[in-house]
There are 2 protein chains.
Amino acid sequence: MSTKNPRVAVVGATGAVGREMLKVLEQRNFPASEVVPFSSARSAGTKVPYMDNELTVIELKEDSFEGFDIALFSAGGDTSEKFAPLAVKAGCVVIDNSNAWRMDPKIPLVVPEVNPEDLDWHPGIIANPNCSTIQLVVALKPIHDKAKIKRVVVSTYQAVSGSGQKAINELETQVSRLFNGKEVVSDVYPHQIAFNCLPQIDVFLENDYTKEEMKMVNETKKIMGDDSIKLTATTVRVPVFYGHSESVNVETTEKLSAIDCRNLLANFPGITIIDYPEKGHYPMAIDCAGEDDVFVGRIREDDTIDNGLNMWVVADNIRKGAALNTIQIAETLIERGLVRVV
Amino acid sequence: MSTKNPRVAVVGATGAVGREMLKVLEQRNFPASEVVPFSSARSAGTKVPYMDNELTVIELKEDSFEGFDIALFSAGGDTSEKFAPLAVKAGCVVIDNSNAWRMDPKIPLVVPEVNPEDLDWHPGIIANPNCSTIQLVVALKPIHDKAKIKRVVVSTYQAVSGSGQKAINELETQVSRLFNGKEVVSDVYPHQIAFNCLPQIDVFLENDYTKEEMKMVNETKKIMGDDSIKLTATTVRVPVFYGHSESVNVETTEKLSAIDCRNLLANFPGITIIDYPEKGHYPMAIDCAGEDDVFVGRIREDDTIDNGLNMWVVADNIRKGAALNTIQIAETLIERGLVRVV
C-alpha cells in the first residue's frame, strides 16, 4: 500500500544553484525514488556529491526525461525554453529557475509561503522567481495582507553568488590580485567588483532601469496577485559572496506600527526576526548564508509619510533565493497531490 | 600693497581626514602663509608630508592657536568641544569636521555649492557636515531650487574610510585573514565588515534609527534651509575602501523629467554626470576615489508617484565628504572677506 516516490531530474547540476539543489534535496530528506543530475555536454561526466556517494552528471538530451516525474531546471533561459516543454511532454512537472517563463500569464510564479494556491493551475511548468524578489515578497506578504501596501522603494545589496560560480571566483581573484599589487581583470561583471559597488544587475532596458529592477517590479505584482502594488527598485551588486540584503521602504494604506509589523512578520512562516538595535543585532549577509529563512530587522516607522515603515531584509540568495524555493515548490506540489508519479 | 596670507592650523593632522586636508591645501595652492599640523600627545612628533618636505606634528595645547587665523579641526567631537572655543578666542576662524556643532542653531553648517551665504553669520566656528550628507545635498540642491523637494528616501553604501585609518586596516586585515583560513577579529566595527554589509553606522538612537541616519535627516534640512524637506534614511557600511554611494529616491512638487534633471545637475558646480546606461557607464566608488566632484548617474523617472526620480550619487567621502569641503569653506571665507588675518 506504499505510495511511489517521484523520480527527480536536476538540470544544470554542476552550477552553483544546481549543486545547492542536490544539497537541499538531501538535507530535507526529499522523498525521491531517484535523483539524476544532468548538464550540458561540456560538464557531463562531472561527479557531484549526493547523500553518501557521488553521482555522475549525464548529458542532457531531448529524450532524457522519460521515466521522470519532476524536473528541476537551473541551466539558463535557453536550456529551459528548449527542454522544459520536452520534460512536460514526457510527463514531468517542471520547476524552472530561469527567467524564461516567469512573466508568462499561463505559468504560475510561486513562493510557497506567499501564493501556494497558484500551483493548482500549473500547466506542467512552474516558474521560480528571481532571487531578489523571493526574499522581498516573503517580507511584504504579511504586511500586504494586514495593511495593504501602496508603494515600495527598495535598494538592494546583492552578493556575487547570484551570478554563479564564475562570479564567486572573479571576486576572489580580484581581491587576491589587488592585495598583490596586480591589475584587475573583469570578465563576469562589466567593472571591478572587489571593494566597489556596481549599480547594475543584468542589462539595461529602454526605460533606463535594469532588467533586474523590472523583474522586482513585475514579479512582485504577479506573486502577490495584486497589480496595484507600486514598486520602484535600484539593484546594486556589492562585494559579498553569499546573501542578498535589501533596504525596503514601505507605504501602506492602513497604519501599522513597528511593533505590530515585527509581531506580524515573526508569526509568518519562513521569516526570522533579528531586531535588537540596543544589542547591535540585525540581519547580515554573513550570518544568513546557509540558512533557510528570510531574516528581517531594522523595522522602524518612517514618519515622512502617514503609514511608512523601513526594514532590512536578508536571505541566502542561493538557498531561499533559488534552490530551496524550488524544492519547497516541489514539496508543496506533492502535498497538494499535484505530482503524478508513474 | 600685498595682502597677508592666513596662518593655518590643522588639528588632527595624523588622521585619515587630517592627512587629506594637508594634501588638498597643497593641491589647491591654498594661500597660507604657513600650515602647522597638530595632534594629541600620543601622535605628536609624527612626520606628515606637505609640499616638498615633511612637517613635524605638534602636540595640541590650550595656547596653541596664538598667531593663527584659520583652524581646521578633524580630531573628534571631544577635541572640538574643548579646543575650538579656545581657537576662536585666539582670533581664529574654526572650520570643524566633527559632530560637535553641526546642529547648533548659532553655528552655520555649510557646503559651499549649496549655502555659502550662511558663512556670513558665522560666530567664529563653521561646521562641516557629515560625509553622507554633503554629497547628497549637492545633488539635491538644484532639484530643490527647480522643482521643490517633498520627500527623499535614501539608502547608503558607505566606505570604511569614513571610520578612519583603523577601519581601513580592519577591512584589509579581515580580508587577508579570511583568505588564509584564519578567524576574523572585529574591533572598529561591531561585526565583520569583509564580504558583508552592516546596516548600522554610528550608534542607535531611541527611535531605532542610527545617529548617522538622523544626521542625514537633520543636516539636510539645516543646509538646505528648509524644514519642509522630508527625508528617511537607511545607512549601511559596505566592504569598500574609498567612496560612498547612495541610492536616492526623490519626490518633487513640480514635475522634473529625467532629461531635465540630468541637464540641471550637469550645470551645477561640483557635480559630474556619468549616465550612459547603454554604454554601462555610471558612477562607481573606485572611480571617484581621489576626485573632487560629486558624481551622479542612473537618473530615471520613478512612475510609482506623480513626480518621482531615482538616482545614484557617489563621492570620495574623505575629499568632498570631509577634507575638500573644509578647505572649500576656508576658500569661500577668504573670497567673502570673512577671515581676519593678523
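The chains referred to below are lettered A, B, ... by the order of the sequence lines, with proteins before strands, and numbering in each begins at 1. What's counted below: heavy atoms across the whole structure, side chains too, no hydrogens, waters or symmetry copies.
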With a 4.5 angstrom heavy-atom cut-off, is it the side chain or the backbone of B:N207 that approaches chain A, or both, or neither? backbone
Under 4.5 Å heavy-atom distance to chain A, tell me which part of B:E213 shows up: side chain, backbone, both or neither. side chain
Within the side chain of A:R298, is there an N or O that forms a donor-acceptor pair under 3.5 Å with the backbone of B:D208? yes
Could you state the interatomic distance from CG (A:N196) to OG (B:S245), rounded to the nearest 0.5 Å? 7.0 Å
Flag for A:R300-B:T234: side-chain donor and acceptor within less than 3.5 Å: yes
side-chain hydrogen bond (donor to acceptor under 3.5 Å, both in side chains), paired with B:T232, selected from A:N249, A:N310, A:T304: A:N310
State the CD-SG distance between B:Q158 and A:C197, to the nearest 0.5 angstrom. 10.5 Å
Could you go through the salt bridge (charged side-chain N to carboxylate O under 4.0 Å, His left out) check for B:D302 and A:K230 one step at a time? CA-CA 10 Å; B:D302 164 15; A:K230 294 181 169 180; over 6 Å; no
Can you tell which of B:V238, B:L198, B:I305 has the highest number of heavy-atom pairs within less than 4.5 Å of chain A? B:I305
Measuring heavy-atom distances to chain A, does B:P190 have an atom under 4.5 Å in its side chain, in its backbone, in both, or in neither? side chain
Taking everything shown except A:F179 itself, do over 12 heavy atoms lie less than 6.0 Å from its CZ? yes
Taking side chain as everything from C-beta outward and backbone as N, CA, C, O, which of these in B:E301 sits under 4.5 Å from a heavy atom of chain A? Side chain, backbone, both or neither. backbone
Flag if over 12 foreign heavy atoms under 6.0 Å of NZ, B:K255: yes
What I'd like to find out is whether the side chain of A:Y209 reaches to under 4.5 Å of the side chain of B:P277, using heavy atoms alone. no
CG on A:L178 to CD1 on B:I286, rounded to 0.5 Å: 8.5 Å
Segment of B:L171 engaging chain A (4.5 angstrom heavy-atom cut-off): side chain
For the pair B:H191 (side chain) and A:G280 (backbone), establish whether a donor and an acceptor sit closer than 3.5 Å, ignoring hydrogens and angles. yes
In terms of heavy-atom pairs under 4.5 Å with chain A, the winner among B:P199, B:A285, B:P239 is B:P199
If one checks every heavy atom of B:F195 against chain A at 4.5 Å, the contacting part turns out to be both
So does A:E278 have more than 12 non-hydrogen atoms from other groups sitting under 6.0 Å from CD? yes
Rounded to the nearest 0.5 Å, what's the gap from OG on B:S155 to CD on A:E246? Could you check? 11.0 Å
Plane angle bin for B:Y282 and A:F204 - parallel if under 30°, tilted between 30 and 60°, otherwise perpendicular: tilted
In terms of heavy-atom pairs under 4.5 Å with chain A, which of B:D275, B:V217, B:V175, B:V152 leads? B:V175
